[in-house]
Amino acid sequence: MERVTGARTIESRRVPWLMVLPALLLVLAINIIPLVYSTVLAFFQWNLTQAQVAPRFVGLDNFIRLLTRDPQFLTAAVNTAILVVATVVIQTVLGVAVALLLDQKLRFTGVATTLLLVPLALAPAVVGLLFSSLLSGSLGPINYWLEAIGLPAPSWLGDAHWALPSIVLVDTWQWTPFMILLTLAGLRSLSQEPVEAALVDGASSWQRFRYVKLPMLLPVLTVAVLLRAIDSFKTFDLVFLLTFGGPGTSSTTLSFYGYKVGLQAFDIGRASAIAFLMVQVFIVFVVIFYSRAKDQL
Amino acid sequence: MVRFRVIVALVVASVLVAACGTSPTSPGSSPAGSEAPQIPEAPQQFQDLIAATKPADKQYDGVEVSVVVDSIQSGYPWFWLAPAIEKAYNIKIKVIATPFETFYQAIQNDIVSGTGAYDILSYPPRFLGDLASAGNILDLTDYAAKWDPEMGDVYPVYQLYTQFDDKLFALPIDGDRLELYYRKDLFSNADEQAVFEAQYGYPLAAPETWDQYLDVAKFFKRDAGATLAGETLADPFSGIAEITKLPDNFDWFLNRFASHDGIYFDDQMHPQLDTDAGRSALQNFVDAVKYGPSDILNFEYVESFDAFVQGQTAMCIQWTDVAKIAEDPNTSKIVGKTGYAQVPGVEQPDGSIVHRSTLAYNRVNSISKLAKNPEAAYRVMQFMNQPDVSLLYVTEPSAGMDPYRKSHYADPTKWVQQWPELSAYIDNNKQSLTNGYPELTMPGANRYNEALGTHIAQALAGQESVSEALKNATTEWESITDELGRDAQITHWLAQLKGWEEVGLID
């Protein structure tokens, strides 16, 4: 009887492992092994156009070159930081503001909420193509209307000062609805008692938001900000389609630079070093963010 | 083991890109197979050729040959002539168009990963050195001995673009060079002529020198509401359109650089970019873009020629097919208004002017080392390269290919596209060949171009000064040379120079 129970226990321990094994193997094959291999390659010099030449171990050279002798990498890092901060801040502020408006249960809020899903449903390639036409300096409708109302019409994608803000603009158009929807869901799930109590105490609508709703919303906003920051950090599609990193390198992000080095110059060692550094930055960011925000989560 | 490492490396690279977002696609182009949409119907001359094609001596029953091209447009000749090839050899053609910006990536990925999706690679010669030196394309010498590609009729410089280490690795399909196109209706307008002469002290004409080019470009740069040739402009008008973006902007620098007597390297492979020639050339390029459309710094091929044929600029330095596009009423608003000239040059002490036209992006066809039936692939390439066959697609405006054989110019009445100024266009074409300045085709050429192009783009955008851009490009070129092996690169460079000397491109 004991032997039967023991066998059953072993079997019952084995079954969960067997059930997750396919997923584990998949993660191992497409995530862990490439990550480890990429990390190893970061210490080698190897160009795939000369794939017949064996990789040469160069120690930390790829990292030293990136951090000390590669101004394009530093430009890409700064651009990425600007992009992440700008998109997350703008989209969070706009998202919360619009969500508060939609939470007022005005007419057409249902329709508006549905329409907000449209940008989210579009493929990034479609968004890129759409806005490359809309933002065209000489033929784009946006500049046409700006000029029609007497405003200056910048060269959105052809001016080094406007290219990165243009990407922020397009990203904001596409992803602010995401912040709105999450915030709206958060607002509608809030307990109404504290809000009503504040109302009875004579709190203004700003005070009710600032001191009652916002603290209760923070867990939702924290997750939303984290997700948007992760997404912005790896922005590639919009850069590729709108500016190809230019003019010059004014809108080159780390992901796009990694692509140029790895899949255009085929310098696989240096591209792996870029990916490794991105992962490290990312881990540090998440750890700091999590340690600061863990009370909210 | 090497192959295993390569495959794993490519998987890693793909994961990196996947991590960046979705797969890249390019504006205006999309991956396609043979059944790709919106391929225009073949012109009548192609139908006639198909009808006249007879079965060849040897048939390749059941064989399919795949061709990778850099855009849907450059696939047109293949789409149109596929029925003729099938009739001649019983070979089916599968055309695969990749986005222009990721074309090299597609070729390299296919070969080094061992996928072998492409039998024929139709690419610009700047990739030739990398592909041939790595053994990724096949030596065609034996096939050429058996089935003559009639290379004697091909202009010598375009023959050079098919060779590596004195062996034949490709057959040509395209012959390009950069030329100056201008709005002859505006240049011949009496009012414009009078104002220009009063302002600059010499007659308005197609600019002969780079300094004149700036004058004329500045003169024609006008805001909406200004007058141009007696008419009020509804939209801004610009002096020039040029390509300023990677991957091709360096060719627009080379026109200038070469006419200032610039050369890529010295005989020890030390870059000669940060020189008087380099600085003068890049400064002129930086100055010129001020007179282009407001978004000129985002111009690649399509944006650049489109600005000209849509009537938004007075001048355009472009590849030779743009003149054909300008005469096509389906695509152009300036039919009959285009004048042809050499790219501007530099005045010499004796008063003569040196013009140098970059001979850039002249596609050639090679057979991938992974081709499933190399002989069938060669027969397809040879068919496409025949004088009477190639004449059709190099003289048809939408095919994006240009003349590369002497016989292509022999009888202009046989051109698919006809227009009144055709003979003037052909004369200018021939002159550009005489003034030609070649692209690098040695190993690493694409990396040198990419590095130079990046710093040119930064200088044009004002992110680097002219001097900084050339210094930084020089540093990167030195680094690339060291990575590839300086001694080997010196050997390749000297061989390249020798070839150019032999065909009279350099002294």
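Treat the numbers as computed from the prediction; the structure is a model and nothing was measured.
A heavy-atom distance below 4.5 Å is not found between the side chains of A:F178 and A:Q91.
Interface with chain A: from residues 477-486 of chain B, residues B:S479, B:E483, B:L484 qualify, criterion being any non-hydrogen pair under 4.5 Å. The interface of residues 286-302 of chain B with chain A, defined by heavy-atom distances below 4.5 Å, comprises B:S294, B:D295, B:L297, B:N298.
Highest contact tally toward chain B, considering only A:S133, A:P247, A:P71, is held by A:P247 [criterion: heavy-atom pairs under 4.5 Å].
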Item to complete: Check step by step if ring pair (Phe, Tyr, Trp, His ring centres under 6.0 Å) holds for B:F100 and B:F103.
Response: CA-CA 5 Å; B:F100 180 67; B:F103 179 61; 8.1 Å; no

Worksheet item: For A:F240 and A:Y259, what are the C-alpha separation, side-chain angles and deciding distance, and is it a ring pair (Phe, Tyr, Trp, His ring centres under 6.0 Å)?
Response: CA-CA 10 Å; A:F240 185 94; A:Y259 158 79; 5.8 Å; yes

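Judged by distance alone, the side chain of B:S332 and the main-chain N or O of B:I334 form a donor-acceptor pair under 3.5 Å. A:D159 places no side-chain N or O within 3.5 Å of a backbone atom of A:S155 that could act as its donor or acceptor partner. For the pair A:T249 (side chain) and A:G245 (backbone), a donor-acceptor distance under 3.5 Å is absent. Not a single donor-acceptor pair under 3.5 Å links the side chain of A:D70 to the backbone N or O of A:R65.
Counting non-hydrogen atoms of other residues, nucleotides and ligands closer than 6.0 Å to CH2 of A:W175 gives a total above 12.
Using bins of under 30°, 30° to 60° and over 60° for the plane-to-plane angle, the ring pair A:F43/A:F63 lands in the tilted bin. In this pair, B:Y123 and B:F127 present their aromatic rings parallel. The plane angle is below 30°, not in the 30 to 60° band.
In this structure, chain B has a heavy atom under 4.5 Å from the side chain of A:Q45, while its backbone stays farther away. The contact between A:D267 and chain B is made entirely by side chain atoms (from C-beta outward), counting heavy-atom distances below 4.5 Å. Within the 4.5 angstrom heavy-atom criterion, only side-chain atoms of A:Q72, from C-beta onward, approach chain B. Residue contact with chain B, scored on non-hydrogen atoms closer than 4.5 Å, involves the backbone of A:L242 exclusively. Both the backbone and the side chain of B:D130 have a heavy atom closer than 4.5 Å to some heavy atom of chain A. Neither the backbone nor the side chain of B:Q310 comes within less than 4.5 Å of any heavy atom of chain A.
Ring to ring, A:W173 and A:F131 are close: their centroids are under 6.0 angstrom apart. Aromatic ring centres of B:F250 and B:Y448 lie farther apart than the 6.0 Å criterion allows. The six-membered or imidazole ring of B:F308 lies away from that of B:F305, with a centre-to-centre distance of 6.0 Å or more.
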